[in-house]
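From a predicted model like this one, the values you see are computed outputs, not experimental measurements. We name chains A, B, ... by the order of the sequence lines, and we start the count at 1 in each one.
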4 protein chains.
Amino acid sequence: MTNSVDRRVRASQKRRRLTAAAARVLHEQGVERTTLADIAREADVPVGNVYYYFKTKDELVQAALAEHSAHLDELTAELDRSADPRDRLKGLVSAWMDQRETAARHGCPTGTLAVELDKRADGTLDAEAGAVIRRLLDWTAAQFRTWGVPDPDDHALTLVSAYQGMSLLANALRDPDVMTREGNRLLRWLDSL
Amino acid sequence: MTNSVDRRVRASQKRRRLTAAAARVLHEQGVERTTLADIAREADVPVGNVYYYFKTKDELVQAALAEHSAHLDELTAELDRSADPRDRLKGLVSAWMDQRETAARHGCPTGTLAVELDKRADGTLDAEAGAVIRRLLDWTAAQFRTWGVPDPDDHALTLVSAYQGMSLLANALRDPDVMTREGNRLLRWLDSL
Amino acid sequence: MTNSVDRRVRASQKRRRLTAAAARVLHEQGVERTTLADIAREADVPVGNVYYYFKTKDELVQAALAEHSAHLDELTAELDRSADPRDRLKGLVSAWMDQRETAARHGCPTGTLAVELDKRADGTLDAEAGAVIRRLLDWTAAQFRTWGVPDPDDHALTLVSAYQGMSLLANALRDPDVMTREGNRLLRWLDSL
Amino acid sequence: MTNSVDRRVRASQKRRRLTAAAARVLHEQGVERTTLADIAREADVPVGNVYYYFKTKDELVQAALAEHSAHLDELTAELDRSADPRDRLKGLVSAWMDQRETAARHGCPTGTLAVELDKRADGTLDAEAGAVIRRLLDWTAAQFRTWGVPDPDDHALTLVSAYQGMSLLANALRDPDVMTREGNRLLRWLDSL
DNA sequence: CATGAATGAGGGTTCATTCAT
DNA sequence: TATGAATGAACCCTCATTCAT
């Protein structure tokens, strides 16, 4: 009884460990340069055992994407507690600025994943990273719409685009200040609307 | 006489063919998913012969980066023929918009290369892609400075950042319209300064 | 139960098979002319599987050296059962003479390995073969010392040097008699001390 | 006229340069780790040109062996100017001792070549290195015979064997003193006969 | 479920040798 | 004869995936 429950709990813990490890390592090293052994080691799971939780490497990539998507959900849920849509958006920008060190080192997890997955010939996962980005776009557009700003979709595109751009530049130039400078500009821009 | 010249010409043509093929294929497939055989086939050169011109795969990546850098030089040289710095910058944005189909399919060549190279543990080529981006930043800042706009470096950061962001989004969403929408906004922004 | 033990046993047997095959084939063909496939075939192990036990070719070379070192240990342990140091040394010479056919065909395993490894630019394994030879030198010197012969180190050097020299000549001339002639001289020399 | 002579002279100079380079580099790096490009570079001859003087790599190895054989001839010719055979042999040993640094770094040129060539399956060059050693043996035996020492062949075997052994040990232990210690012993031995 | 071991299909790289001029 | 360029066969090594227990 308890044994079987324990086992199930332990098992799902392992799954969670693997997912978290995948999200982390894939972000840091990229998909192609990360081996299953890397992820297994990071999750402290024997290599052969990985396949009981994820049938292929791609499923691990998918799980990592889902993890990033969940992080996004947490963030927007947190931001949704503000009454003012402008404050929500400013909170979003602040969250990006808080991640400046990570961004400078490895870029935006979803953005860099999207770049890498788009290079694939087989269109198996290309869309999935795009979907996460689209969800961010949608949430952002919803804020602008509630706020009453005209062309909310365009404004959302501008904001998310700016985020991806500044993350990429911070990463390419290895300079977290890029995040600060552009972040502050975005805050002023939101105030000016 | 002419023979030996021909031979030398043909040889350097081969090198150029390889460089061009590398730039193209690496942009389309990414560094890790591109085989030397891929590049060799695209350049119509036997695999073993590639090593006569490039001693390692990394040298081919470097050559591809240099090719992109040269394209940037051509573009800015062309734009420098305009008298007005604002026109130069608007020309830059227009050039980006002209590339919308390519951007939607494969992203910005230099930007995506930077993303992939930054995932590497060995810091051999990470900086090189960043350097090309920095040259674009510098040229852009120079235009703002000539123009007399305050904080030219920040403006340059905003513009290049926007370009990388919109390219990434166009690519991730597989939607060239992203380039058009953001591009037009940038044109209006430049007009408003 | 027994199954898992069997598995482990079979696995380590495989490792041992690979080590033995490496020792044999590397002795016969030399390091540079021996392919991993050669060793794998000799050990009846798929090539790809070799890397589960030895991460590089050099590790296989090291394992082969360790094998030869172990053989030396066995031999000296056996000889140590004689009470008289002179008998021990004469036993050593007799053992060399017993190997005359092998010596004529492939030389001394450790000696030829040392020659080949010393040709390497990267000083990764050069010392290792020398270390095995030094252990033979040390054991030999200890016998002379116990025996009470003056300058035991010099005598050891002379004896081991003679062994390497006669092995090389037997091999180069493809003549096992070299081992016999020189071996008998060494026996007489030991008796004369 | 003179042109064709010049050309021939220059050509044979090239051949000599290649032979000398081969002897040197093959001694230092071994046959298998030496590329034709290495030898060509050392001789300052374009790679493609090597094949007008040596049809295969093996022919270069053969040329290197011939070079070592010629050096041996020079040495014995020099020694033959001594009236006393014992002095000739002591001169030989002294010559070995003079080479102690080279021996410690790369071993005896002919001996190490013999070791490597004996590892080959195709019996194309195995005998050649042995032949050079045999010539040394023969000259040495002749000295002992002239001198009137009994069993001159055995004595020659002992002496040459000692040389190969001490060279191998000096090389394996990277210690030129080995040459000095054993060399002095051999001098005393010759004096005692 | 767990796990060490097995497998095989490439990928990058080297190099002796040959070719075209 | 001279020479840069060309060629292709091999080699070492990696790794996603599967198997046996």
Side-chain angles (χ1 to χ4, degrees), chain A residues 3-4 7-8 10-11 14 32-40 45-60, chain B residues 1-8 10-12 14-15 32-40 45-60, chain C residues 1-8 10-15 32-40 45-60, chain D residues 4 7-8 10-11 14 32-40 45-60:
Chain A
N3 281 344
S4 86
R7 213 186 321 137
R8 215 170 303 157
R10 232 179 308 127
K14 256 188 189 173
E32 303 296 338
R33 294 188 83 90
T34 297
T35 70
L36 284 186
D38 286 339
I39 298 175
V45 168
V47 206
N49 200 2
V50 174
Y51 281 83
Y52 277 87
Y53 301 96
F54 301 95
K55 258 180 276 296
T56 66
K57 185 184 181 182
D58 274 9
E59 282 191 15
L60 266 168
Chain B
M1 294 289 139
T2 30
N3 285 345
S4 85
V5 169
D6 280 1
R7 187 158 30 100
R8 215 171 303 161
R10 226 175 313 123
S12 75
K14 230 176 189 178
R15 199 179 206 287
E32 303 296 336
R33 294 189 81 89
T34 296
T35 302
L36 283 181
D38 288 339
I39 297 175
V45 167
V47 205
N49 197 10
V50 173
Y51 282 84
Y52 187 81
Y53 297 96
F54 299 95
K55 260 179 278 299
T56 66
K57 187 183 180 181
D58 272 10
E59 280 191 17
L60 268 168
Chain C
M1 295 286 140
T2 30
N3 284 343
S4 85
V5 168
D6 280 2
R7 185 155 35 97
R8 216 169 303 159
R10 225 175 313 125
S12 74
Q13 271 181 348
K14 227 172 187 179
R15 198 178 206 290
E32 303 296 337
R33 293 189 81 89
T34 297
T35 302
L36 284 182
D38 288 339
I39 298 175
V45 167
V47 205
N49 197 11
V50 173
Y51 283 85
Y52 187 81
Y53 297 96
F54 300 95
K55 259 177 279 297
T56 64
K57 186 183 181 181
D58 273 10
E59 280 190 17
L60 268 169
Chain D
S4 85
R7 213 185 323 137
R8 217 171 301 158
R10 230 179 308 126
K14 256 187 190 175
E32 303 296 336
R33 293 187 84 89
T34 297
T35 68
L36 283 185
D38 286 339
I39 298 175
V45 168
V47 206
N49 200 3
V50 174
Y51 281 83
Y52 277 85
Y53 301 95
F54 301 95
K55 257 180 274 299
T56 67
K57 187 183 180 181
D58 273 9
E59 282 190 16
L60 266 168

Rounded interatomic separation in angstrom, taking [atom1] from [X] and [atom2] from [N]:
X     : N      : atom1 : atom2 : answer
B:Y53 : E:dT13 : OH    : C1'   : 18 Å
D:N49 : E:dC19 : CG    : P     : 17 Å
B:F54 : E:dT14 : CZ    : C1'   : 18 Å

Rounded to the nearest 0.5 Å, how far apart are NZ of C:K14 and OH of C:Y52?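 These two atoms lie 10.5 Å from each other.
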Distance between P atoms of E:dC1 and F:dT21 (Å, rounded):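 Comparing P positions in E:dC1 and F:dT21 gives a spacing of 22 Å.
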Taking side-chain hydrogen bond (donor to acceptor under 3.5 Å, both in side chains) as the test, write out the residues that go with B:N49, two or more places apart.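 B:N49 satisfies side-chain hydrogen bond (donor to acceptor under 3.5 Å, both in side chains) with no other residue.
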Just jot down the side-chain hydrogen bond (donor to acceptor under 3.5 Å, both in side chains) partners of D:T35, sequence neighbours excluded, or say none.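 Only D:D38 meet the side-chain hydrogen bond (donor to acceptor under 3.5 Å, both in side chains) criterion with D:T35.
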Audit row: D:I39, D:V50, side-chain contact (heavy atoms from CB on, under 4.5 Å) steps and yes/no: CA-CA 9 Å; D:I39 298 175; D:V50 174; over 6 Å; no
Between C:K14 and E:dG4, is there a side-chain N or O to OP1/OP2 distance below 4.0 Å?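 No, because none of the side-chain N or O atoms of C:K14 sits under 4.0 Å from OP1 or OP2 of E:dG4.
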Any side-chain N or O of C:Y52 less than 4.0 Å from the OP1 or OP2 oxygen of E:dA5?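 Looking at the OP1 and OP2 atoms of E:dA5, one of them is under 4.0 Å from a side-chain N or O of C:Y52.
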Can you name the nearest heavy-atom pair linking C:P46 to C:A40, along with the distance?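 Minimum heavy-atom contact is C-CB, 4.4 Å.
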Return the minimal non-hydrogen interatomic distance between C:K57 and C:E32, and the atom names on each side.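 For C:K57 versus C:E32, the nearest heavy atoms are NZ-O, 4.3 Å.
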Taking side chain to side chain contact (heavy atoms under 4.5 Å, CB included) as the definition, give me every residue that meets it alongside B:Y51, ordered by chain and number, with sequence neighbours left out.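 For B:Y51, the residues satisfying side chain to side chain contact (heavy atoms under 4.5 Å, CB included) (neighbours in sequence not counted) are B:L36.
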Mark up nucleotides 12-17 of chain F, 5' to 3', with B wherever a protein heavy atom is under 4.0 angstrom from a base atom, S wherever such an atom reaches only the sugar-phosphate, and - elsewhere. SBBSSB
Go through the structure and list residues passing salt bridge (charged side-chain N to carboxylate O under 4.0 Å, His left out) with B:E59, not counting sequence neighbours.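 Salt bridge (charged side-chain N to carboxylate O under 4.0 Å, His left out) list for B:E59, sorted by chain: empty.
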How does DNA chain F look in dot-bracket notation if pairs are Watson-Crick or G-U with both distances under 3.5 Å, crossing ones as [ ], other-strand ones as |? .||||||||||||||||||||
